[in-house]
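In what follows, a single structure is set out as structure tokens and then discussed.
Chain letters run A, B, ... following the sequence lines, proteins first, then strands; residues in each count from 1. What's counted below: heavy atoms across the whole structure, side chains too, no hydrogens, waters or symmetry copies.
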There are 2 protein chains.
Amino acid sequence: MLGLATIKDVAQLANVSPSTVSRVIADSKRISDETKERVKAAMQQLHYHPNLIARSLIRRSSQTLGLVLSRSTDSAFSNPFFPEILRGISAVSKSYHYGLMLAAAEDYAEEAKLCLKMMTERRVDGVLLLASRVNDGLIRELSASDCPFVVLGRAPESLKCYSVNNDNIQAAYSAVRHLLNLGHQRIALLNGPADYIFCQDRFEGYRFAFREFGIEHDPEWIKSGSLTQEDGYRLTRELFQLDPAPSAIFCVDDVMAIGAYQAIKERGLTIPGDIAVVGFNDDPLASVIEPHLTTVRIPIYEMGVTATQMIIRILEGNEPLPFQRVLSSELVIRQSCGANP
Amino acid sequence: MLGLATIKDVAQLANVSPSTVSRVIADSKRISDETKERVKAAMQQLHYHPNLIARSLIRRSSQTLGLVLSRSTDSAFSNPFFPEILRGISAVSKSYHYGLMLAAAEDYAEEAKLCLKMMTERRVDGVLLLASRVNDGLIRELSASDCPFVVLGRAPESLKCYSVNNDNIQAAYSAVRHLLNLGHQRIALLNGPADYIFCQDRFEGYRFAFREFGIEHDPEWIKSGSLTQEDGYRLTRELFQLDPAPSAIFCVDDVMAIGAYQAIKERGLTIPGDIAVVGFNDDPLASVIEPHLTTVRIPIYEMGVTATQMIIRILEGNEPLPFQRVLSSELVIRQSCGANP
DNA sequence: TTGTACGCGTTATCAT
DNA sequence: ATGATAACGCGTACAA
């Protein structure tokens with residue numbers, strides 16, 4: 001029932017040579033309409049489908065993209081980032097008739113290995129790299145090889161490599177400016193691990209906003225921990241030790257904001273009455289918790305789309321491309337911020 | 001820099017024939033240790049890696065698994081199901097040296113097409129199907145073909161096909177029994193769309209628990225809607241029209257439970273004091289909302305592992321296999337249920 | 001123990 | 001407009 005028919009079977013049935021069938025497949029102009037029809041009929045009758053393996057062999061291209069990601073519960077593999085970015089990648093690769101191979105690295109050291117492995121084994125023509133951590137070694141290793149790749153996330157600018165990212169600096173700036181405009185001055189930052197590039201960037205946006213408003217920020221307001229609810233809770237409690245305590249908290253991740261909510265409510269304070277909170281990522285949680293969280297929405301789907309278009313253009317190798325693409329995020333204003341009393 | 005070396009290059013450098021190199025790769029016993037070393041050295045020197053495309057062609061096997069899923073926000077592609085099941089699939093396929101190709105269907109009609117396409121194009125040896133809806137057509141179509149496949153989710157028993165599922169009936173039974181044991185009798189069910197197999201099953205578990213306790217349940221207590229917060233809210237409000245209103249609510253999905261929480265709090269009632277709630281899936285949300293939601297945890301990772309082992313065993317085609325594997329879920333008791341006053 | 005020759009299914013080149 | 005032939009890189013029966 002399955003198409004085990006080869007190009008030869010079709011040729012035989014249609015009384016032509018295999019090369020003629022091949023030309024029909026390629027829709028060559030130099031085939032008479034008559035034989036073209038005959039061949040097509042034979043293909044239908046035999047349920048013929050080209051063997052992509054054989055085609056890849058001679059074309060020296062698998063028409064397949066690799067997608068490499070790191071297992072681990074943090075952003076790369078986790079909610080809601082991954083399914084959404086995958087939708088974008090999948091949509092574009094399908095429309096360009098590329099296959100998509102997945103490889104999940106157990107740890108960060110394995111990422112480059114997997115890329116290179118897929119390439120050298122000729123399973124893929126190029127690779128999409130889901131990288132959230134600073135990992136110059138990885139990117140340098142890839143750059144030194146002939147593996148075409150695009151990083152989803154920000155790559156160090158020193159290494160000229162293709163990347164697609166959202167505007168973390170600008171988005172964090174907007175979020176903090178939003179708070180400053182509401183009259184807040186003592187704005188705390190709940191930051192994540194320093195080896196995440198996006199954490200560095202969001203911190204940068206925070207500082208930038210203060211600079212622009214000509215206000216100093218107290219280093220005591222900057223707390224850093226893991227991107228978990230627990231640490232959001234813990235760090236917020238630490239903030240309450242300060243006198244005066246911050247009137248607003250900007251969290252680099254919604255999950256941390258949840259922890260902050262917890263600590264704030266526990267202390268008997270209200271949001272946004274007593275304290276304002278802004279998150280980042282627009283996690284589904286953000287519109288569920290009370291009060292609904294003001295946060296930053298990242299164009300995740302579009303990032304997947306853009307990165308995939310990018311790697312395909314590189315592979316088809318015509319036009320020169322800009323190395324870095326940065327997509328705009330959007331501040332989603334909900335109920336967690338009020339004017340500073 | 002990338003291994004463009006072929007088996008011939010290695011052969012030449014090692015002063016042997018290509019077939020000898022091939023035997024070294026296969027670790028054949030009939031090669032002298034001496035030449036084996038020489039060949040290996042040559043491979044290293046040239047950074048040789050076998051071309052899997054060529055190997056696939058002659059072996060008539062791509063050593064690749066297909067993973068087909070439906071786009072759509074519901075369970076298949078969404079959180080937290082997908083990343084977790086992918087972890088399991090990925091771990092096993094890697095350990096067996098299988099590649100993993102992804103194909104995302106735009107709609108349910110496309111699922112079978114994508115499976116068949118990957119197969120007939122010889123890109124994959126078999127397929128893992130992430131199916132949540134009742135879709136006999138799909139499965140019948142696949143069964144009629146020669147495409148080896150395993151369904152993740154429950155396939156109709158009439159169609160003898162391989163599947164891995166969790167014990168939805170048993171798990172729902174446990175959840176409802178938990179409520180009955182706490183003295184609740186008026187237990188409502190917030191069900192999802194009837195064309196989801198898991199909804200049918202969880203309903204079945206609900207009925208089973210009542211039957212076992214020898215208690216009748218009022219059809220009025222059974223509400224059905226989409227698996228959204230909104231419908232959880234709406235249906236719970238409908239329940240409040242009843243007199244007497246239910247003292248407990250079992251939701252087939254945590255997201256619906258969130259909506260139920262909303263409606264309950266809005267009415268000025270407390271959980272679990274006035275009304276008990278049980279969810280399903282152990283969504284991250286479940287341990288965030290207040291009070292923490294008692295729910296059912298599904299062994300998602302293990303389902304991915306099991307399904308992948310299954311398809312590989314089918315492909316390697318030795319031992320006969322049971323068609324259906326059912327994995328046990330676990331009731332996670334938190335704070336949302338109390339004794340019926 | 002090792003080499004020779006062929007085939008996997010396709011496309012591309014060169015004829016006709 | 002179409003056919004014959006070679007080649008892609010590898011595995012394997014058969015021969016030596």
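Between the CG atom of Leu4(A) and the P atom of dC8(C) there is a distance of 13 Å, given to the nearest Å. One can place CZ of Arg30(A) at 15 Å from P of dG3(D), the figure rounded to the nearest angstrom. Here the C1' atom of nucleotide dG3(D) and the CZ atom of Arg38(A) are 13 Å apart, to the nearest Å. Here dT2(C) presents its P atom at 12 Å from CD of Glu37(B), a figure rounded to the nearest Å. Atom P of nucleotide dG9(C) and atom CD of Gln12(A) are separated by 14 Å, given to the nearest angstrom.
Heavy atoms only, all atoms of each residue included: Cys115(B) and Leu129(B) are closest at SG-CD1, 3.8 Å.
Val21(B) comes within 4.0 angstrom of nothing in the nucleic acid, heavy atoms only. Ile31(B) comes within 4.0 angstrom of sugar-phosphate atoms only, judged by non-hydrogen atoms across all strands, and of no base. Note on Ser22(B): a base of the nucleic acid sits closer than 4.0 angstrom, heavy atoms only. Across all strands, Pro18(B) comes closer than 4.0 Å to no nucleic acid atom at all (heavy-atom distances). Note on Ser56(A): nothing from the nucleic acid sits closer than 4.0 angstrom, heavy atoms only. Among the protein residues, Arg55(B) comes within range of the sugar-phosphate backbone only, with heavy atoms under 4.0 Å from sugar or phosphate atoms but none that close to a base.
Set against dG3(C), dC8(C), dT2(C), the side chain of Val16(B) has dG3(C) as its closest nucleotide. Checked against dG9(C), dC10(D), dA1(D), the side chain of Ser32(A) finds its nearest nucleotide in dA1(D). Set against dA1(D), dG7(C), dT11(C), the side chain of Ile58(B) has dG7(C) as its closest nucleotide.
Mapped onto DNA chain C by nearest heavy atom, Arg23(A) and Ile7(A) fall at different nucleotides, with Ile7(A) at the one closer to the 5' end.
One N or O donor and one acceptor, one from the side chain of Ser19(A) and one from the base of dA4(D), sit under 3.5 Å apart. Looking at Arg60(B), its side chain has no donor and acceptor atom pair within 3.5 Å of the base of dG11(D).
Taking a cutoff of 4.0 Å between a charged side-chain nitrogen and a carboxylate oxygen, Lys113(A) and Glu110(A) do not qualify as a salt bridge.
OP1 and OP2 of dG9(C) both lie 4.0 Å or more from every side-chain N or O belonging to Thr6(A). Contact annotation: Thr20(B) side-chain N/O to dT2(C) OP1/OP2 distance is not under 4.0 Å.
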